[in-house]
Each structure stands twice: as structure tokens, then as C-alpha cells.
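Quick notes on the structure that follows.
Small disclaimer: the values here were computed from a predicted structure and weren't measured. Numbers restart at 1 for each chain; the letters A, B, ... are given by sequence-line order, proteins then strands.
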Amino acid sequence: MRPTRTTFTAVSALSVLSLALVACGGDAESSDRDSDGPITLTVATFNEFGYEELLKEYDALHDNITVRHTKADTADNARNALRSSLGANAGAADIEAVEVDWLTEFMQYPDKFVDLADPAVEGRWLDWKTEAATTEDGQLIGYGTDIGPEAVCYRADLVGAAGLPADREGFAEFIGDTWDSYFAAGKEFVANSDAAWFDSASALWQGMINQVEVPFEEPDGTVIATTNPQIKDLYEQVLQASTADGLSAGLGQWSQDWSESFQRDSFATMLCPGWMLGVIEGNAAGVDGWDVANVFPGGGGNWGGSYLTVPAQGDHIEEAKALAAWLTAPEQQLKAFAAKGTFPSQVDALDSPELLDSTHAFFNDAPTGQILVDRATAVTMQPYKGPNYFLINTALVDALTRVDVDGTDDAASSWAKFVRDVEALG
Amino acid sequence: MKARGRPLPPQRPATPPTLRQRLTAANRRCTPYLYISPFFLLFLITGLFPLLFTGWVAVHRWDLIMGQGEFVGLDNFRRVLGSPDFWKSTRNTFSIFLLSSVPQVILAITIAALLNFNLRGRTFWRMGVLLPYVVAPVAVVLIFSNLFADRFGVINSLLDLVGIAPVRWHSEVLPSHLAIATMVNFRWTGYNTLIFLAAMQAIPRDLYEAAAVDGANRVRQFFSVTVPMLRPTIIFVVITSTIGGLQIFDEPRLYDQYGRGGADGQWRTLTIHLYELGWTQSDFGRASAVAVLLFLLIVAIGLVNFTITRRIATAGGHR
């Protein structure tokens, strides 16, 4: 009898305990510490921001602050994680990096973020970089980190073998500064070579769409993606060049095949924002002949770039803001550029000799610093990216992939599916 | 039941039971339920509540970040059922499920039968089949994406050697399903093999001896003794692989770089569709509607499978 009674108690205690454990599980970590005491700041980024050394440096500068860095493998995953923690009102890092393509999506919820506007940092960034992160009421959602001014990277050896001008200046002149001249040059190239002209229709699309002032949504929220004649026109242009003219290698960007193709003579040119240089160098390790031309079809273009935001749910908002301001200061951004090639969005960094004099050994010692600064000044405007920009652009890239890579549709039927996808978003 | 009906000892019929005796009786009656209560309490919190709550979300407008919106009744279901994406995902889910579950069960039984022989280094072989199960799915996908890459993959290179046109693993519907089913089979066949093997070892040896005396060879023994004796295990494996197969997520999500199930939804399964609606489009209402529909679908298919396998079992009993 005795043992039974003890078991009785033990079991009831256990079940109550299990209940209590489940109920209390959520609170264990949020114990707020004294503001003067040592604190831990978390910084969440994705891909490569080049912050590893910088965060160590900050750690060393501040006795009471420990910085923890979490890195998502892709921007997509970082976006989903941030969405979930904003929804749950818990779990966000003290500083969250946000990509420009989904920035507006989060700007719909300004209350979830700390207003970072501060006289001390005014005028630190290129105007269009700051404007994109400022709400109508003047709240600054994020501090700019890097931008992606685009140049054209090319295989000088393949171009030379086709009997075309392969040196940096000659090639820039050869492809000209409009999309038409770029495609015309491509036709001339493929007639004399086994390789394709560019890697993928969807990669080209990123260059084109970032030159359209009002692509998918009007500032008042009207979705014009399917009716905007400019979009349809670009869509047809890029697919005409890719399939009918045979300029595309038909590789899905970021796919296994795409990465693998850098080791072969698959294509001759690629649109390359600053951060792409590192990607090419990694994928094409051991391949000679890459170079960068100081030119971009259709004028200037910016692809990507990020911001650091401070979610309002954090426990150490002031400290987080200070860290974000420090990380995005020109001096620190230049170090990040040296580490991972993230091109600074800060005005003062753009005329620093450190940046202007930098060259890139893999790209035939091209003066990449000077080229990218030139490309950055050629960017005159930023497209208006509404809250649905990311979703609509994803649907459009899918539409291009269906024709360019999969071949499951022709341009017209794939466009019809795109229209349906956009309508389903509403 | 029996313990409760037992009459009290005859020597003390008149005295009412003391407190201690009453406690003991209650103790005896309640203890078994308390033993199992932790599981059911946990299930209530982590299983039943989310299940019912999903139903609640499904009849509302519900944004991932802003939370609950207005009540919309069955509107979410109407929109989900009216979209071709849902039906395409359903088709893909079934196709991948059939391509993985059917060969998997057949293969697992066959391998289990082979392992059941008196092999040299038995434990080594038995642990060997479980190895793929231990490998993380992400690692499996890494290996297989090298095999199944469209242009420069190992399989297409081999096909090229023998002069067969390359298969477009990421563009066409059926090849993509085959590739994903291969990953699933790679991972789960060994696991099911061990379950079958355990059941096989419980089959009495004398049945085989009797069959051998009757002149049945190995193959005949397998079909006339092993398979019929395995029926309860087959039911178990079929039901669990139905549940797992219809909820398949990891493999198709990691099959390409975007994880959306292909530009044309070639391998978009119901769970990926659900994830896209909920997390990418942040429409929890519609995502929950898909979840409820998927739940009903699994229950329905599970019942069908159960009836079929039970019918086979009773038919076997009459033999």
C-alpha cells in the first residue's frame, strides 16, 4: 500500500510539474537584467555582411556588452524568421538586418520598430538609401549598410576568342549603355562562340526591374504589376533575347547547375553588383579570364543592399541603437567592404582613398573600387517598392524561369500564370 | 473492472470502510490513469489545442504579424479550393506519396527477409540499413542534388555516357517526383526494414520447419508463412507511412534553391503550399484552411488504408 501511495503522489506531482514546465517554458529567457550590468546584444544577419571582426572589436571596446551574431543562410529565411518573431512579439534579435526588397513590407508595421532618426547620423547615407527606409511620418526604420551598384562582369578569354574587343574599355564600348546595344552585342558574340551571352533571364530581370520607377505598385497601394505596359515590355524583351535569340544559358540563378557552370565555359557576361564579385570568385575558383567593365545597360542600377533595424520588442533598445549606428558608420563599413566586398552606402566612404584605390586580383586586377563608385553615382533613382514587391517579383521571376529554364511554358502562357498568381495575392 | 467487483472480505461485513480503505480503493482505481496522464496532458496542450485552434484561425482573416482579423466563415476554404495551386499541390502530394510509400514497403519487406537469414556479421548488416535514417535530411539533399542536377549531375552524366538523353529533373513533373521519392525512400526504407525484421523474428520457427517438411522452398515460405504472419506490422507501417508521406516537407523544400516547389509548382506539395501561404504571404487564414483540409485528407486516406489492410487480414484468417 505504501509504495502505491507514494507513487500516487509522485505521479500527480510529475503531471503537475510537466504542466508547469510547459506553461512556463516561454518565460525562462526573458529575465531582464540590470541596465548597468553586463548585457548581451544579438545581431541577426544573412549571407555575408562582413561583421565577424567588427563585432569582436565592439566587444573589446565595451566591457559590459557581449555581442552575439546569428547568421541565416539566405535572405528568404531571415525574412521568415523576422516575420515570425514580430508576429509572436518575441524572439527577434536586438538588431535585425533587413534586405531592401522586403523592407517596405516591414514598413507597414512601424510600431514594431524603433525610430532610428537621429541628428547625429543625418546625411550619413546616399539620399535615396535613407529615403527608402523613411516612413511618411518621418520615422527612420533602418540604418543603411551596403548597396549593390551594378557593373558587368565578363569572361575576357571567351570574348577574345570570339574575335571581339576583350579589354576593359573596349568591351564597355562594345556592349554600350542600353539594353538594346547589350543584346545586339550578345547576338554578335553567340554567332562566334559556343558559350551563351548571359547566365539566366531572371538575373537580367533584376537589373531591368531596378530601373523602373514605379514597377508593381503605386504609392497609394494600387497593384499595377499586370497592367503596367513597361513591365510587360521588359518581360517580352528579356525572353525574346533569352530564348528566341538564344543569348541565355538557361540556368536558374543560385541553382546547383548555375554554381557548377562557372567551372565551364557556359556564358560570357553577368550583371554584377559589388557583392556578386565574391560569389563569382568563389564559384569560378581556378578559372582565369574574369574581368569587370565599367558600364551598365540602361544607365545605373542598384541590386540589393540592406539595413539594420532595431525591433521595438527588444530589452536593450538604446544599446542596440548605438551598436547599429556604430556598425553603419563609414569607417566600419569600409572594413566590412574589405572583408566581404559589401559596398558602402555611406557618402563619406565613397570618396575614401581606401575604397577608390582597391583592386581585385581575381578580376584581372580591375580597379573595382573606382568602377563601383562610378556605378553608384550613375544610380539616379530607386524604384518604388511597395509592400507586395517581394511577392510579385518572386512570381515574375518564376514566370521567367518557366520559359527560360524549365521550358514548361511559352512567354504568353507563363504571363497568364503570372497574372493569376498576382490576383491570388490580394 | 474485476478488482472493483470483488466482494469485501466476509469477516467485516457490517463496518463501513475506513478513510484509509476508501483512499486505497480510490488509489487503485485512479493510479493507472495518472500514470498515463502526463502523455495526455501534454497531448492536450501541444496536440489537441493547436488542432482546434487551427480550425478557429481558418474561419478568420489572420495576418502573421497583425494577428486575428474579422470572421469570414468558410471564405478561406472557398478561396483555397477555388485555386488551381491547391489541386496541383494535392496531385503532387499523392504522386510523391505513392512513388515513395509503395516501393518502400515492398523493398523493406524484401530486405528484412534477406536479413532474417543466418548471415555472417548480422549486426553489421542490420545496423547498416539504419544508417541512412541517421543521416540528417539536409545532408541527404546535398548528396542527391549532386546526383539529380539537370546539367552537370552524376546521373545525367552517366545517362549521357550510354547515349540516353538527359532527364530534366527540376523541370518536368514526374522526374522531379521520382527524384524526391528516391530521397524519401533512401531515408525511410531502412527504418521500416528494421520494424519488419523485428516482426519476422517473432514468427515461430516451427512454422518454417513444417513448411519445409511439406516441401515449400524459400520463396514459397516467404509468401505463405512470412507475409501472412506480418499483417499487423504491415498495417502499422502502411498507416505511419501514409501520415508521413502526405505531410512530406523537408525533401521537396530542399530540392531546389528556392524551396517553393518549382517555378511551375512541379513538386509543390500541400505542406509547401501551406507554408507559402502562411509564412511567405503571411495569410494564416488560408494556410490554416489548407491545414484543416490536409488533416481531413489524411484521416480519409488513413481510414481507406485501414479498411483495405484489415480486409486482407480477415481474408487471411479464413485461409
Part of A:E260 within contact of chain B (heavy atom distance under 4.5 Å): both
Residue pair A:V405 / B:R168: nearest heavy atoms and the distance that separates them: O-NH2, 4.0 Å
B:D264 (side chain) donor-acceptor with A:R402 (main chain) under 3.5 angstrom: no
Side-chain touch B:S282/A:R83, heavy atoms, less than 4.5 angstrom: yes
Toward chain B, the part of A:F106 with a non-hydrogen atom under 4.5 Å: side chain
Any B:R260 side-chain heavy atom under 4.5 Å of A:T394 side chain: yes
Under 3.5 Å: donor-acceptor pair, side chain of B:Q257, backbone of A:Q253: yes
Donor on one side chain, acceptor on other, B:Y258 and A:D398, under 3.5 Å: no
Top contributor to chain B contacts, counting heavy-atom pairs under 4.5 Å, from A:L251, A:D409, A:T74: A:L251
Contact check, side chains of A:Y109 and B:M66, non-hydrogen atoms, under 4.5 Å: yes
Minimal non-hydrogen separation, B:Q281 against A:A424, with atom names: OE1-O, 4.5 Å
B:F71 atom CZ, neighbour heavy-atom count above 12 within 6.0 Å: yes
Per-residue contact mode, B:Q266 against chain A (heavy atom under 4.5 angstrom): side chain
Chain A contact via B:Y255 - which portion, at a heavy-atom distance below 4.5 Å: neither
Proximal component of A:D111, with respect to chain B [non-hydrogen, under 4.5 Å]: neither
Chain A contacts, top residue of B:F39, B:W279, B:F148, B:F152 (heavy-atom pairs, under 4.5 Å): B:F152
Minimum-distance pair of heavy atoms, taken over all atoms of A:D257 and B:R151: OD2-N, 2.9 Å
A:R79 side chain vs B:T280 backbone, donor-acceptor pair below 3.5 Å: yes
Heavy-atom closest contact (B:Y275 atom, A:N80 atom, distance): OH-ND2, 3.1 Å
Winner by heavy-atom pair count (cut-off under 4.5 Å) against chain A, out of B:L277, B:D150, B:D256: B:D150
Contact winner vs chain B - A:R420, A:R264, A:Q108, heavy-atom pairs under 4.5 Å: A:R264
